[in-house]
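Working notes for the structure below.
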Amino acid sequence: MSNQMSSALAQGDMTPVILKGNTEFMGIEIPVIEGGFGQDEKVVLAKTVAEIHNIELKEVNKLIKNNTDEFEAGIDIMDLKYNEEFAVIAKNSGIYTQNALNASQNIYLLSEQGYMALVGLMKTDKAKELRKKFRREYFAMRQAVKQKPMCIEDILIAQLQDMKAVKEQLMQVNNTAIEAKQEVQAIRDTLILDSAAWRVETTNLINKIAQKLGGNENIQVIRKESYELLDSRAKAKLNIRQTNMRRKVLEETGSTSKANKISKLDVIASEARLREIYIAIVKEMSIKYGVA
């Protein structure tokens with residue numbers, strides 16, 4: 001993740017991060033955190049992910065840095081390294097010591113979608129089991145209702161609110177066809193007119209397809225399909241190109257970490273022909289899977 005992106009995430013407009021207390025998960029006491037990406041949104045630190053998956057934090061951070069194209073900044077992930085409000089919370093609650101804060105290069109915060117993408121990269125049966133369990137027992141947690149209706153007026157108000165919600169849902173269904181057409185046109189206009197945004201736009205479409213198929217655990221499958229289609233249609237040989245590009249970066253910089261960060265999207269970005277074909281493929285996939 002670039003320094004520019006990390007700075008933007010740390011300093012940009014974000015919902016305050018709030019510590020709601022602690023909870024026990026598989027015998028480990030972990031912090032319950034909300035905010036950052038949106039009010040009352042349950043989030044998790046990369047540090048907590050490392051603890052529940054019983055791996056070192058540096059390995060989790062490395063996995064994130066080596067796969068930056070799998071995370072959308074501000075939606076999947078943000079860096080709290082230079083967030084002073086979080087630093088105060090972290091020290092007062094014991095999540096981090098001052099020395100640990102100073103020594104950390106990044107303090108990643110993940111949304112539920114970001115966590116699912118991260119665990120999808122771990123590719124182990126244990127990771128899959130923990131993912132399901134953590135999603136049920138942590139992200140699905142809701143604050144208990146403080147007070148139940150105590151009179152008939154309160155009950156009627158609650159029922160009317162439910163009826164209003166149902167009515168709004170029906171209105172949304174009636175507008176689906178119009179919104180779908182508008183979305184198709186918006187996708188076409190964005191991908192054609194703004195060539196600089198193609199990586200973000202194609203990633204967003206792939207994420208939408210994954211959600212349509214059941215969740216973020218499908219992102220890797222969909223992305224793999226897009227690369228295989230590109231290999232077939234353009235004779236791209238992405239794996240070979242990626243290896244060659246990584247070798248070149250390693251020879252030029254001597255940095256293994258920089259070389260490992262080279263993704264297939266970087267390979268596609270290096271050649272206009274591949275870029276245009278890949279954009280067309282992802283657009284076709286979005287129509288095929290019914291998200292356009």
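- When hydrophobic clusters are built by joining Ile, Leu, Val, Met, Phe, Trp and Tyr residues whose side-chain heavy atoms come closer than 4.5 Å, directly or via intermediates, Tyr108 is grouped together with Leu63.
- Under the 4.5 Å side-chain heavy-atom criterion for Ile, Leu, Val, Met, Phe, Trp and Tyr, Ile75 and Ile219 are members of distinct hydrophobic clusters.
- At distances below 3.5 Å, not a single donor-acceptor pair connects side-chain atoms of Lys258 with backbone N or O atoms of Val249.
- Remark: the backbone N or O of Glu34 is not paired with any side-chain donor or acceptor of Lys20 at under 3.5 angstrom.
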Please report the C-alpha distance between Asp266 and Ser263 in whole Å, then the side-chain angles of each, then the deciding distance to 0.1 Å, and finally whether the side chain to side chain donor-acceptor pair (under 3.5 Å) criterion is met.
CA-CA 5 Å; Asp266 293 323; Ser263 66; 3.3 Å; yes

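- Ser104 places no side-chain N or O within donor-acceptor distance of the main-chain N or O of Ile107, the cut-off being under 3.5 Å.
- Under a 3.5 Å cut-off, the side chain of Tyr289 and the backbone N or O of Glu284 do not form any donor-acceptor pair.
- A donor-acceptor pair under 3.5 Å is absent between the side-chain atoms of Arg241 and the main chain of Val267, judged by distance alone.
- With Asn67 contributing its side chain and Ile64 its backbone, the two residues share no donor-acceptor pair below 3.5 Å.
- The shortest distance between side-chain heavy atoms of Met122 and Ile55 falls below 4.5 Å.
- No donor-acceptor pair under 3.5 Å is formed between the side chain of Gln220 and the backbone N or O of Gly120.
- In the model, Asn106 has a side-chain atom that pairs as donor or acceptor with a side-chain atom of Lys65 under 3.5 Å.
- For the pair Lys47 and Tyr96, the cation sits on the ring face: its NZ or CZ lies under 6.0 Å from the ring centre, inside 45° of the axis.
- Of the options Val60, Leu110, Ile33, Leu57, a side chain to side chain contact (heavy atoms under 4.5 Å, CB included) to Leu45 is made by Ile33 and by none of the others.
- At least one donor-acceptor pair closer than 3.5 Å links the side chain of Thr203 to the backbone N or O of Arg199.
- Using a distance-only test at 3.5 Å, with no hydrogens or angles considered, no donor-acceptor pair links the side chain of Asn66 to the main chain of Lys261.
- Between Lys264 and Asp231 no salt bridge is recorded (no basic side-chain N to carboxylate O distance below 4.0 Å).
- Checking side-chain atoms of Arg275 against main-chain N and O of Ala269 turns up a donor-acceptor pair under 3.5 Å.
- Ile18 and Phe37 fall into different hydrophobic clusters, defined by Ile, Leu, Val, Met, Phe, Trp and Tyr side-chain heavy atoms under 4.5 Å apart, directly or through other members.
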Could you walk me through whether Asn216 and Gln211 pass the side chain to side chain donor-acceptor pair (under 3.5 Å) test, one step at a time?
CA-CA 6 Å; Asn216 290 333; Gln211 291 295 325; 2.5 Å; yes

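- Between Glu251 and Arg246 there is no salt bridge, since no side-chain N of the basic residue sits under 4.0 Å from a carboxylate O of the acidic one.
- Ring pair Phe134/Phe25: centre-to-centre distance below 6.0 Å.
- Aromatic ring orientation, Tyr115 versus His53: tilted (interplanar angle from 30° to 60°).
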Using the rule given for side chain to side chain donor-acceptor pair (under 3.5 Å), can you reason through Tyr278 versus Ser226, listing the C-alpha separation, both sets of side-chain angles and the distance that settles it, and then say yes or no?
CA-CA 8 Å; Tyr278 185 70; Ser226 70; 3.0 Å; yes

Begin from the C-alpha positions of Lys42 and Glu112 and carry the test side chain to side chain contact (heavy atoms under 4.5 Å, CB included) through to its verdict.
CA-CA 7 Å; Lys42 192 79 82 271; Glu112 181 177 358; over 6 Å; no

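- You'll find the side chain of Ile268 reaches within 4.5 Å of the side chain of Leu230, heavy atoms only.
- Using a cutoff of 4.0 Å between basic side-chain nitrogens and carboxylate oxygens, Arg233 and Glu228 are not scored as salt-bridged.
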